[in-house]
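Count residues from 1 along the sequence.
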Amino acid sequence: MGRVNKPSKAELAAAHGTVIDDLVAPELNVLFCGINPGLWSAATGFHFARPGNRFWPALHLSGFTPRLFDPSEQKALLGLGLGITNVVARATARADELTPEEFVAGGKRLVKLVHEWRPKFLAVVGLGAYRTAFGSPKATVGLQPETIGDTRVWVLPNPSGLNAHWQLPDLAAEFGRLRKASSQ
């Protein structure tokens, strides 16, 4: 099992504004969608790569993965029927650097991506990002009433370590609700 190496300050600075490839394939069970790549992720090329991000632990504790994966192992998710994309493709140091227009454009891009790949579920990890991107200001965490074609939409809390409102056990429980729904 590999490990993500810590990027240098120069590598982090150079990552600003870059893009990480989507991790997608046909017939995914769940396509997870982050807000946008952070600089650490952009510098390494791996989604949710920053230490302290709780995406990978929540994925494991909820039963989506048989063990805790390192971000460098992200391609193994495809074999489990899971993929990763982002609402906004460009990397920033903080999500608050993004404009509402970028979120709306990202929502439109996601609709096209979902129509192309047709996952069973689109899981947006970030309530505020979902609300802005899809024009749903009253959306809450969980299954959404809207679908994209036949794809059901689920909103999960942001797994960033900065989101102190959601501790890891609560995140894992919410991811677990999605896992249960996606396996039916």
Are D170 and R54 ion-paired here, with the side-chain N under 4.0 Å from a carboxylate O? no
So that I can tick it off, tell me whether E102 and R90 are bridged by a salt bridge, with the cut-off set at under 4.0 angstrom between side-chain N and carboxylate O. yes
Can L61 be reached from F64 by stepping across I, L, V, M, F, W or Y side chains whose heavy atoms are under 4.5 Å apart? no
Give a yes or no on whether F134 and L98 share a hydrophobic cluster (residues Ile, Leu, Val, Met, Phe, Trp, Tyr; joining criterion: side-chain heavy atoms under 4.5 Å apart). yes
Which atom pair, heavy atoms only, marks the closest approach of A95 to I35? CB-CG2, 4.1 Å
Establish whether L80 and F48 are linked, either directly or via other cluster members, by ILVMFWY side-chain heavy-atom contacts under 4.5 Å. yes
Determine, using the 4.5 Å side-chain heavy-atom cutoff (strictly less than), whether L156 and L68 are members of one ILVMFWY cluster. yes
Nearest 0.5 Å, what's the CG-CG distance between L28 and L77? 9.5 Å
When every non-hydrogen atom of G107 is compared with those of V87, the smallest separation belongs to N-CG1, 4.3 Å
Looking at every heavy atom in both Q144 and T140, which two are closest together, and how far apart are they? NE2-O, 2.7 Å
Nearest heavy atoms of L23 and L31, plus distance in Å: O-CD1, 4.1 Å
About how many Å separate CG of L171 and CG of L59, when rounded to the nearest 0.5 Å? 11.5 Å
How long is the span from the CD1 atom in I20 to the CZ atom in F46, to the nearest 0.5 Å? 9.5 Å
Is the W154 ring parallel, tilted or perpendicular to the F121 ring (thresholds 30°, 60°)? perpendicular
Rounded to the nearest 0.5 Å, the CZ atom of R118 sits from the OG1 atom of T151 at a distance of 8.5 Å
Can any side-chain N or O of R177 pair as donor or acceptor with the backbone N or O of E174 at less than 3.5 Å? no
Under 3.5 Å, side chain of D22 to main-chain N/O of V24, donor-acceptor pair present? no
Are V124 and V104 joined in one hydrophobic group, where the rule is that I, L, V, M, F, W and Y side chains link up if heavy atoms are under 4.5 Å apart? no
Would you confirm whether the ring centroid of F32 sits within less than 6.0 angstrom of the ring centroid of F55? yes
